[in-house]
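Have a look at the structure below before the remarks.
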There are 2 protein chains.
Amino acid sequence: MKDEKPPTRIQKKNREVILDAALEVFSQEGFRGATLDRIAKVAGLSKPNLLYYFSSKDAIHEALLRGLLSTWLDPLRAIDPSGDPVEEIMGYVRRKLALARDYPRESRLFAIEILQGAPRIAPVLSGELRELVDETAGVIDGWAAAGRIAPVDPRHLIFSIWALTQHYSDFDVQIRAVLGDGDPFAGAEIHLEAVFRRILGGGPSLSGVN
Amino acid sequence: MKDEKPPTRIQKKNREVILDAALEVFSQEGFRGATLDRIAKVAGLSKPNLLYYFSSKDAIHEALLRGLLSTWLDPLRAIDPSGDPVEEIMGYVRRKLALARDYPRESRLFAIEILQGAPRIAPVLSGELRELVDETAGVIDGWAAAGRIAPVDPRHLIFSIWALTQHYSDFDVQIRAVLGDGDPFAGAEIHLEAVFRRILGGGPSLSGVN
DNA sequence: CTTCGATTTGACCAATCGGTCAAAGGGACG
DNA sequence: CGTCCCTTTGACCGATTGGTCAAATCGAAG
């Protein structure tokens, strides 16, 4: 039943080069806006050579998304239901922010895909992602019910984490334009640390507010 | 010095129709991904007819962005330095969220433009927008210094408001996939109301947390 | 009804799109 | 050195791109 040949050294390298170039282009232009010529030029290969390694533009894009999705969902899986609630959630925030800082192209590719209606990953969103969120939401709900964090809609809390962390990579240009020089992520780290600690609450004295 | 002819009734209507169609297409595909044929079909006009009203694809896109930017910046201008700090900021949050709910195409157009490096609006970002943010940051800083809201980096607070509100329109597909049926904005309103009140703090008892 | 400018369109253009193909080049192994 | 297969490419294809143009049509004022 095995008819797969083991990939050559050169195959492995060129596939990587192509996917890296495709990530660069797709994440800036979207699927329709990206062109094979551009990807080929960035990869330093000829266009027919691209199509020797990937059968079509769609195939490149699909391979890119497939490789991205697991990386993107992993941090959510790393939340430990038996850990300290605040620290577990703060850890997730930090992991997500690090992802946004270290893999801005991946973040943008994902963002542009969703913005354009996510036609190619819709099944994953309403399948794997939804299940994972439901699961995590249950954990967070348990923490809130036990009074270990302030009451909060767990799903919208997760959305907030996604929004606040991805914003720093996806809207990078806007943020740098407003802030001027310097690394926005330094300020972001401090800010999000404070913000989420306040959201999750320090304990009992929260309901007496205002 | 005036050489502008007053626009005909039919000119006004068709320009609107074209810009509306262009908003639809540009906000889904980005600049490069959008095609004149598509815009023409959505507008119900022939392609040469488009180019009778706008001299080029660029011209349509530019007109669209120009019209959008003021609308997009207005809510920030509406913050009243002499008002109640928490209510002023909460009002801004609500206005931004309403904008995201009622004008999702405009929100996505803006998002896709920034994602692609904002080559056409970079001057506005580092000019008008930055000044406006600086100004508002000063106001917020004053409120924080006076102890009327919890201490917070004003610029990152503004980023947070942008991120959390726009997320609900820009990532609409993902949110609906995770939440299932129903209007995400209903939950968003309640969630953001609670979240930002906690961020802004209820008063003096916040520093005793943890 | 006629006139004249505003409006609309079919036909067309060069450039670029994704993709094909046959032929040439390269590298490991005998 | 020769062979065989993996790799690379120049030339090319039909379709689509943004944009042009002359001719046809429309609509309001006389």
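Labels below follow one simple rule: chain letters A, B, ... track the order of the sequence lines, proteins then strands, and each chain is numbered from 1.
Applying the side chain to side chain donor-acceptor pair (under 3.5 Å) rule to Asp20(A) yields the partners Arg105(A); only residues at least two apart in sequence or on another chain are considered. Applying the salt bridge (charged side-chain N to carboxylate O under 4.0 Å, His left out) criterion to Arg94(B), with sequence neighbours excluded, gives Glu87(B), Glu193(B). Among residues two or more places apart in sequence or in another chain, the ring pair (Phe, Tyr, Trp, His ring centres under 6.0 Å) test is passed with Trp143(B) by none.
Under the 4.0 Å criterion applied to side-chain N and carboxylate O atoms, Lys12(B) and Glu16(B) are not assigned as salt-bridge partners.
Rounded to an integer number of Å, the gap from Ile10(A) CD1 to dC5(D) P is 18 Å.
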Under 3.5 Å, which protein N or O atoms sit close to an N or O of nucleotides 27-30 of chain C? Give each pair with its distance.
none

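Scanning residues 22-30 of chain A for heavy-atom distances under 4.0 Å to DNA chain C yields an empty list. Of all the residues in residues 31-38 of chain A, Ala34(A), Thr35(A), Leu36(A), Asp37(A) reach under 4.0 Å from DNA chain C with at least one non-hydrogen atom. Across residues 45-66 of chain B, Lys47(B), Pro48(B), Leu51(B), Ser56(B), Lys57(B) each have a non-hydrogen atom less than 4.0 Å from an atom of DNA chain D (numbered order).
The side-chain heavy atoms of Met90(B) and Leu200(B), taken from C-beta on, include a pair separated by under 4.5 Å.
Residue pairs satisfying the salt bridge (charged side-chain N to carboxylate O under 4.0 Å, His left out) criterion with at least one member in residues 107-119 of chain A, sequence neighbours excluded, are listed as follows: Glu113(A)-Arg120(A). Under the ring pair (Phe, Tyr, Trp, His ring centres under 6.0 Å) criterion, the residue pairs touching residues 15-48 of chain B are Phe26(B)-Phe31(B), Phe26(B)-His61(B), Phe31(B)-His61(B), with sequence neighbours excluded.
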Output a table of donor-acceptor pairs, distance under 3.5 Å, between side-chain atoms of residues 156-166 of chain A and any protein atom two or more places apart or on a different chain; print 'none' if there are none.
from, atom 1, to, atom 2, distance (Å)
His156(A), ND1, Tyr168(B), OH, 2.6
Ser160(A), OG, His156(A), O, 2.9
Ser160(A), OG, His191(B), NE2, 2.7
Trp162(A), NE1, Tyr92(A), OH, 2.8
Thr165(A), OG1, Ile161(A), O, 2.7
Thr165(A), OG1, Trp162(A), O, 3.2
Gln166(A), OE1, Trp72(A), NE1, 3.2
Gln166(A), NE2, Asp170(A), OD2, 2.8

Return all side-chain donor-acceptor pairs below 3.5 angstrom for residues 127-136 of chain B, not counting sequence neighbours, or 'none' if the list is empty.
from, atom 1, to, atom 2, distance (Å)
Arg130(B), NE, Val178(A), O, 3.4
Asp134(B), OD1, Arg155(B), NH1, 2.5
Thr136(B), OG1, Leu132(B), O, 2.8

Cut-off 3.5 Å, no hydrogens considered: what does the side-chain donor-acceptor table look like for residues 36-47 of chain A, sequence neighbours left out?
from, atom 1, to, atom 2, distance (Å)
Arg38(A), NH2, Glu29(A), OE2, 3.4
Ser46(A), OG, Asn49(A), N, 3.4

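For dT8(D), the OP1/OP2 oxygens have a side-chain nitrogen or oxygen of Asn14(A) closer than 4.0 Å.
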